[in-house]
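Ligands are counted one by one from 1 in listed order, and the atoms in each one are counted from 1 as well.
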Amino acid sequence: MRLEDLTLIKPAPTPGDTSWFTHDRFGMFIHWGLYALGARHEWVKSHERIPTEVYDKYFRHFDPDLYDPTLWADAAKDAGMKYFVITTKHHEGFCLWDSAYTDYKSTNTPYGRDILTPMVDAFRSRGLRTGFYHSLLDWHHPDYTVDNCHPMRDNADYIAGDKDRDLNRYVEYLHNQTEELLKRYDPVDIIWFDFSVGASDRFPGKGKEVWHSEELIRKIRSINPNIMIDDRLQIDQDVKTPEQYMPDGWYTVNGVPVVWEGCHTFSGSWGYYRDEQSWKSVDQLLKMLIDSVSMGGNLLLNVGPTGRGEFDERAYKRLRGIGKWMKRHSRSIYGCTQAPLEFECPRDCRYTYNPETKRLYLHMYSWPFGKIRLTGEVAEHVDYIQILSDASEMRFSYNAENRTVDIPLPVYKPLGADIPVLEIFLK
Ligand code: JFZ
């Protein structure tokens, strides 16, 4: 078969511009809010059923004196990340920017300043695109009614107060703040809403009807037609967002491959969690990035900064480790996607493929003894092979009868590549 006749999966078209997104592949998620002071998960208010008047202790003590978003932007850029998504407001309802629609914002805390503007400026000045995570849930707004996730879901007196709450007034607030953010920080590249709550026998759910999702999407696209919108308004738009798990293949909707992005944490929490110890290794994190791209997806990897405004040293260590690999291997990530379906991938390996440069990347999760063999259709297209990290040639032998390419391997894997990659030039 000719190279151009091989089967390449392409995602369904999207309303917004996803061309940069499916090229850049790798972004930084940042979960930061008052919950960083609780330092035990961003859902601490819900998990511990904390009333707002008690939770306000975090508002009264929010003073991230070491906050310097240029350090955050440098860390993201050096790790090879090409966009960032910041929680403008998480479920707790606290806003990182000087919103005209609420007093529950960073400018009214002891810190006294707008958090968001300097962050957007710092990341944009380093060439990263801007994403806003905005919570649909709001455990602080007076008109937000009780649901299955609400901190007051077991408080009968609070629940009884729902009769005086006007959820539509909250939804108007949600729409107003969305417009405020998109106009003030235009052009925002991604708006990442989260999430729609299921119904139970105790409480109604909150989904696209409650959010007035169709109207909100129309407003958003009237401000920025190219913006990407996620799927958690319960109306699929530009990107599907599998969370904390790795799909088995290219993410599909009704059997059709779509633009998708897996979002993951370093540890077991999105928000800063001081005592949580399940931190993934650099090797695991790199394999999550490679696996995602090998299936045509993106990876959005989360940092939860501390109450002083710093990235956790454990996060910095992992970001530096990722950046060390990306420095010599980002060619196998940026502009790459799933390899042609006809290409069989050797055991313990992952392919990514750049259709523009016609280069195939073989990521070797283990280093076999003696040789590695490429079989079938791929063997017909090998023109030249090098180790990506140092551009050292890898000689090979092609057997036309068996349709195989054998690549002799040195006993030891090359230095400077925790996960070695062979760059295979195709013809
Ligand atoms: C949501 C948030 O609750 C969480 O704090 C974080 O921001 C994450 C990125 O998004 O997590 C979810 C959302 C939806 C479900 C589960 C976790 N769900 O529908 O099962």
Please could you name the atoms of ligand 1 that H31 approaches to less than 4.0 Å, counting only its heavy atoms?
6 (C), 7 (O), 9 (C)
With D164, which residues qualify under salt bridge (charged side-chain N to carboxylate O under 4.0 Å, His left out), at least two apart?
none
Would you check the N or O atoms of W192, main chain and side chain alike, for any that come under 3.5 Å of an N or O of ligand 1?
no
What atoms of ligand 1 come closer than 4.0 angstrom to any heavy atom of Y133?
7 (O)
Mind checking whether E42 has an N or O less than 3.5 Å away from an N or O of ligand 1?
yes
Could you check atom 1 (C) of ligand 1 against the protein and tell me its nearest heavy-atom contact, residue, atom and distance included?
D194 OD2, 3.0 Å
Side-chain ion pair, R350 and D291, N-O less than 4.0 Å:
yes
I want to confirm something. Looking only at heavy atoms, which of H41, E243, Q244 is nearest to atom 8 (C) of ligand 1?
E243
Show which atoms of ligand 1 fall inside a sub-4.0 Å distance from at least one heavy-atom site of R232.
1 (C), 10 (O), 13 (C)
Identify whether NZ of Lys or CZ of Arg in K105 sits under 6.0 Å from the centre of the six-membered ring of F94 and within 45° of that ring's axis.
no
Of all residues at least two apart in sequence or in a different chain, which pass the ring-ring contact (aromatic ring centres under 6.0 Å, His included) check with F26?
none
Does the protein put any heavy atom within less than 4.0 Å of atom 20 (O) of ligand 1?
no
Considering all protein heavy atoms, does one lie under 4.0 Å from atom 3 (O) of ligand 1?
yes
Less than 6.0 Å separating the ring centroids of Y104 and F59?
yes
Any atoms of ligand 1 less than 4.0 Å from a non-hydrogen atom of W43? List them with their elements.
2 (C), 3 (O), 4 (C), 5 (O)
Check this for me, if you would: do E48 and R40 make a salt bridge, where the nitrogen-to-carboxylate-oxygen distance has to be below 4.0 angstrom?
yes
On the six-membered ring of F132, is K89 placed so that its NZ or CZ lies under 6.0 angstrom from the centre and within 45° of the ring axis?
no
